[in-house]
Number of protein chains: 2
Amino acid sequence: MAERSEWAQLREQRMAEPGAHEAYQAARLAFELGRAVRQLRQQRGWSQTELAHAAGMTQSAVARFEAGGTVPTLPVLDRLADALDADLIVRVTPRSHIA
Amino acid sequence: MAERSEWAQLREQRMAEPGAHEAYQAARLAFELGRAVRQLRQQRGWSQTELAHAAGMTQSAVARFEAGGTVPTLPVLDRLADALDADLIVRVTPRSHIA
DNA sequence: GCATGCTATAGCGTTGCTGCTATGGCTTGG
DNA sequence: CCAAGCCATAGCAGCAACGCTATAGCATGC
């Protein structure tokens, strides 16, 4: 874990900055979504290449996304979810309990 | 309703195209999210300008988003939700029931 | 009439995600 | 050893969302 990818380091720097609460949350979201998708994919025994094809993208895009390389856009998330026979749920709900 | 904005027409065209299932879903999501945010904002009795300021953006950005003008990105949604004291929930869950 | 406040659009520069190809490392099987 | 498959990155073009200013429409109040 000594050396990391370019964007992984950049993202980490961002998250460490003082007034970066928003960007931090976004990066965190990207990370967790990536993990969720990876989990679903592996549960189905699919390779990144297979998922990529099913979702209309390339293996590199899947890899980048799963690693949290970028904050994905909703269209992409939707296609991935669809390929995985999953539902994409996006909601803005009044805060019930403070994090 | 005879004349519409540029992007409203563009988006409608996209949604009408034959093989545009994915883009259609994205546009739909944008629309519903916009409505949800607008509702929350109005519940608080805020103007677009006030919300914009609280979320670190301008009134025009809020208006464009609420009208479904663009498919919002997760960072923006997060900031809006935060300004509205709301939680942004994004999840990819295995399909429980077919739509 | 005029001023004020709220919302909707237009136009434009900037940023960042997407989509792609190509490559390298790693493991497994022949 | 070599081939094949999987995953991670780099580098680049293209494009859509963002962020902004300015403006117009439409009410309301003076």
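We name chains A, B, ... by the order of the sequence lines, and we start the count at 1 in each one.
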Inset, instruction - Determine yes or no for a side-chain-to-main-chain donor-acceptor pair under 3.5 angstrom, with A/Arg41 supplying the side chain and A/Leu51 the backbone. - result: no
Legend entry - Backbone N/O of A/Thr70 and side chain of A/Arg64: donor-acceptor pair under 3.5 Å: no
Inset, instruction - Starting at atom CE of A/Met57, determine the distance to atom P of D/dA8, rounded to an integer number of angstrom. - result: 13 Å
Legend entry - Most 5' of B/Thr73 and A/Gln48 on DNA chain D, judged by nearest nucleotide: A/Gln48
Legend entry - Integer-rounded Å distance: C/dG19 P and A/Leu77 CG: 11 Å
Inset, instruction - Can you figure out which of C/dT9, C/dT7, C/dC20 approaches the side chain of B/Thr49 most closely? - result: C/dT7
Inset, instruction - Looking at every strand, decide which applies to B/Thr70 at a 4.0 Å heavy-atom threshold: base, sugar-phosphate, or nothing. - result: sugar-phosphate
Legend entry - Polar side-chain contact A/Ser60-C/dT21 base: donor and acceptor under 3.5 Å: yes
Legend entry - Given C/dT7, D/dC20, C/dG19, the nucleotide with the shortest approach to the side chain of B/Arg41: C/dT7
Legend entry - Closest listed nucleotide, where the reference is the side chain of A/Val71 and the choices are C/dT9, D/dC7, C/dC17: C/dC17
Inset, instruction - For side chain to side chain contact (heavy atoms under 4.5 Å, CB included), just list the numbers for B/Asp82 and A/Arg95, CA-CA rounded to whole Å, side-chain angles, deciding distance to a tenth of an Å, and then say yes or no. - result: CA-CA 9 Å; B/Asp82 205 55; A/Arg95 215 189 287 277; 3.3 Å; yes
Inset, instruction - Could you tell me the separation between the CH2 atom of B/Trp46 and the P atom of C/dT7, rounded to a whole number of Å? - result: 13 Å
Legend entry - Selected nucleotide, minimal atom distance to A/Ser47 side chain, candidates D/dC6, C/dT21, C/dT7: D/dC6
Legend entry - Minimum-distance nucleotide to A/Arg38 side chain [options: D/dA8, C/dT9, D/dC18]: D/dA8
Inset, instruction - Using a 4.0 Å heavy-atom cut-off across all strands, classify B/Ala61 as base, sugar-phosphate, or nothing. - result: nothing
Legend entry - Base of C/dA8 paired with side chain of B/Gln59 (donor-acceptor, under 3.5 Å): yes
Legend entry - Minimum-distance nucleotide to B/Pro72 side chain [options: C/dC17, D/dT9, D/dC18]: D/dC18
Inset, instruction - Please figure out whether A/Arg64 or A/Gln42 has its closest DNA chain D nucleotide nearer the 5' end. - result: A/Gln42
Inset, instruction - Nearest whole angstrom, please: distance from the P of D/dC18 to the CG of B/Asp78. - result: 13 Å
Legend entry - A/Leu51 CG - D/dG5 P separation (whole Å): 18 Å
Legend entry - NZ/NE/NH1/NH2 to OD/OE distance under 4.0 Å, A/Glu50 and A/Arg44: no
Inset, instruction - Let me know the distance between CD of B/Glu66 and P of C/dT7, rounded to the nearest Å. - result: 8 Å
Legend entry - Rounded interatomic separation in angstrom, taking CZ from A/Phe65 and P from C/dG16: 19 Å
Legend entry - Student check: side-chain heavy atoms of B/Ile89 and A/Thr93 closer than 4.5 Å: yes
